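As a basis for the values below, the full set of heavy atoms in this structure was taken, side chains included, without hydrogen atoms, waters or symmetry mates. Here, residue 1 is the first one in the sequence, and each next residue gets the next number. Source: prediction; values computed, not measured.
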Amino acid sequence: MGSHRRLAPSGFDRGASAAVSFLSVAAAALGAVPAVAAPYDDTRAEVDRLYEQAEKATEAYNEADERADGLRDEVGTAQDRIARQQQRINSLRESLGSLAGAQYRSGGIDPSLALLFSDDPDDYLDEASRLDRITAHQAGELKELQEAMRELAQDREEAAGKLRELERSRKDVAAHKKTVEHKLATARRLLNSLPESERDAYGRASRSGRYGIPGLGGATAASGRGAAAVAAARSALGKPYIWGANGPSGFDCSGLTQWSYAQAGVALPRTSQAQRYAGRQVPLSEARPGDLVVYRGDASHVGMYMGNGQVIHAPYPGAPVRYDPVGMMPVSSVTRV
């Protein structure tokens, strides 16, 4: 194998080589920054995504829970109505019993009349035309009551079916919550594994406002009930975020606003989506203390405006009720109750 003698570099070559080396080192250094920073950025983005998922799941659970409670009330009302109708039928049977006794004493009971005492009311309804020993008024009343019983029984069956469906839905939502909660715990562990400076940076980023938010005025509430709700919300500062809770020891986002207005004698809906329409929409630039600030396009988060560009809200699991900038996330609407 032949050998080659390396020529000594000229001055120009030495300068060029040094420049190339410097640029290479600089490029390597610049390229190393994203490689180190990207995992931190990814962690923040993942935690934000999981928090948003968790909040959506919580609001879905709240809605299902509210619907189930309402349906339970409907089922209970239907059952009460059925019981009252059954009492009327029983009373009518008793009054007709005297006729049956008289027939028995006179030599027997008409088989058709015995249908009145059957365990199946449909028997005597279907044969009502044969009950010629009772008055037309009584027969008509029987038919009316039986028809009412049929309708009520059908309503009760449908309501019970809806309730079963909602219970299944609630279990599905609860299971989803557990899954998201597990992801949140994983994200928090990952966040805690980062250097303290990165954890602090995430905390600052989660509280920072967005650019382009208009100047907000209005230091006083628009109404007495708004002022009372503001006072209630302030009293909840420091309370923990708890899944599906609406006070007084813990809250989710819509639970806090619902509870605060309940202290002012105002009944708000349970979910942030429904609270969005619980009053009059106003521009963000006209927000006043007590107004509800709804976030994201799907209205999955809500807080209460407190003045000076701040809201009080229940942020997410692990974070207590606190003040944050009104522009902490995209505002979709402002509602004045």
Set of side-chain hydrogen bond (donor to acceptor under 3.5 Å, both in side chains) partners for Lys56, sequence neighbours left out = Glu52, Asp298
Tightest non-hydrogen contact, residues Ala299 and Val294, listed as CB-CG1, 3.4 Å
Tell me, which pairs form a salt bridge (Lys or Arg N to Asp or Glu O under 4.0 Å) where one or both residues lie in residues 221-235, sequence neighbours left out?
-> none
Could you list the residues that satisfy salt bridge (Lys or Arg N to Asp or Glu O under 4.0 Å) with Arg49, not counting sequence neighbours?
-> Glu46
What residues form a side-chain hydrogen bond (donor to acceptor under 3.5 Å, both in side chains) with Glu74, not counting sequence neighbours?
-> none
Over 12 non-hydrogen atoms of neighbours within 6.0 angstrom of CD in Glu157 | no
Which atom of Gly250 lies closest to which atom of Ala245, heavy atoms considered | O-CB, 3.4 Å
Report the residues that fulfil ring pair (Phe, Tyr, Trp, His ring centres under 6.0 Å) with Tyr261, sequence neighbours left out, ordered by chain and then residue number.
-> none
Does a side-chain heavy-atom distance below 4.5 Å link Arg296 with Ser332?
-> no
Minimal heavy-atom distance between Cys253 and Ser300, with the atoms involved, is SG-O, 4.0 Å
Basic-acidic side-chain contact under 4.0 Å: Asp65, Arg67 | no
Candidate pair Ser333 and Arg276, rule side-chain hydrogen bond (donor to acceptor under 3.5 Å, both in side chains), full reasoning = CA-CA 7 Å; Ser333 64; Arg276 182 179 196 171; 3.3 Å; yes
Can you check side chain to side chain contact (heavy atoms under 4.5 Å, CB included) on Leu284 and Tyr305, steps first, answer last?
-> CA-CA 10 Å; Leu284 178 59; Tyr305 187 65; 6.0 Å; no
Under the salt bridge (Lys or Arg N to Asp or Glu O under 4.0 Å) test, residues paired with Glu165 that sit two or more places apart | none
Side chain proximity check, Ile312 to Leu256, heavy atoms < 4.5 angstrom | yes
By side-chain hydrogen bond (donor to acceptor under 3.5 Å, both in side chains) - contacts of Glu66 (at least two apart) = none
Results of side-chain hydrogen bond (donor to acceptor under 3.5 Å, both in side chains) for Gln275 - residues two or more places apart only | Thr257
Separation between CG (Asn62) and CD (Gln258), nearest 0.5 Å, reads 8.5 Å
Indicate, with yes or no, if Val321 and Ile242 share a hydrophobic cluster defined by side-chain heavy-atom contacts under 4.5 Å among Ile, Leu, Val, Met, Phe, Trp and Tyr.
-> no
Tell me whether Leu237 is reachable from Met304 by hopping between hydrophobic residues (I, L, V, M, F, W, Y) whose side-chain heavy atoms are closer than 4.5 Å.
-> yes
Got a sec, which residues hit ring pair (Phe, Tyr, Trp, His ring centres under 6.0 Å) with Tyr295, two or more places apart in sequence or on another chain?
-> His301
Could you please spell out the steps behind the side-chain hydrogen bond (donor to acceptor under 3.5 Å, both in side chains) verdict for Thr220 and Arg288?
-> CA-CA 6 Å; Thr220 60; Arg288 298 179 67 178; 3.1 Å; yes
side-chain hydrogen bond (donor to acceptor under 3.5 Å, both in side chains), paired with Ser254, selected from Glu59, Glu55, His313 = Glu59
Here the pair of heavy atoms bringing Ala264 nearest to Ala228 is CB-CB, 3.6 Å
Looking only at heavy atoms, what is the nearest atom pair of Pro320 and Pro315, with distance?
-> O-CD, 3.2 Å
State which residues pass salt bridge (Lys or Arg N to Asp or Glu O under 4.0 Å) with Asp69; sequence neighbours excluded, sorted by chain then number.
-> Arg72
Same apolar cluster: Tyr241 and Val311, side chain cutoff 4.5 Å = no
Are Val334 and Leu292 side-chain neighbours, meaning at least one heavy-atom pair lies under 4.5 Å?
-> no
Donor-acceptor pair, Lys239 side chain versus Phe251 backbone, under 3.5 Å?
-> no
Taking salt bridge (Lys or Arg N to Asp or Glu O under 4.0 Å) as the test, write out the residues that go with Arg270, two or more places apart.
-> Asp252
Which heavy atom of Ala274 sits nearest a heavy atom of Pro269, and at what distance?
-> CB-CB, 3.3 Å
For residues 327-337, pull every pair meeting salt bridge (Lys or Arg N to Asp or Glu O under 4.0 Å), keeping only residues two or more places apart or in separate chains.
-> Asp291-Arg336
Treating Ile, Leu, Val, Met, Phe, Trp and Tyr as nodes and any side-chain heavy-atom pair under 4.5 angstrom as an edge, say whether Val302 and Tyr323 lie in one connected cluster.
-> yes
Residue among Val326, Val293, Val230 satisfying side-chain contact (heavy atoms from CB on, under 4.5 Å) with Met306 | Val230
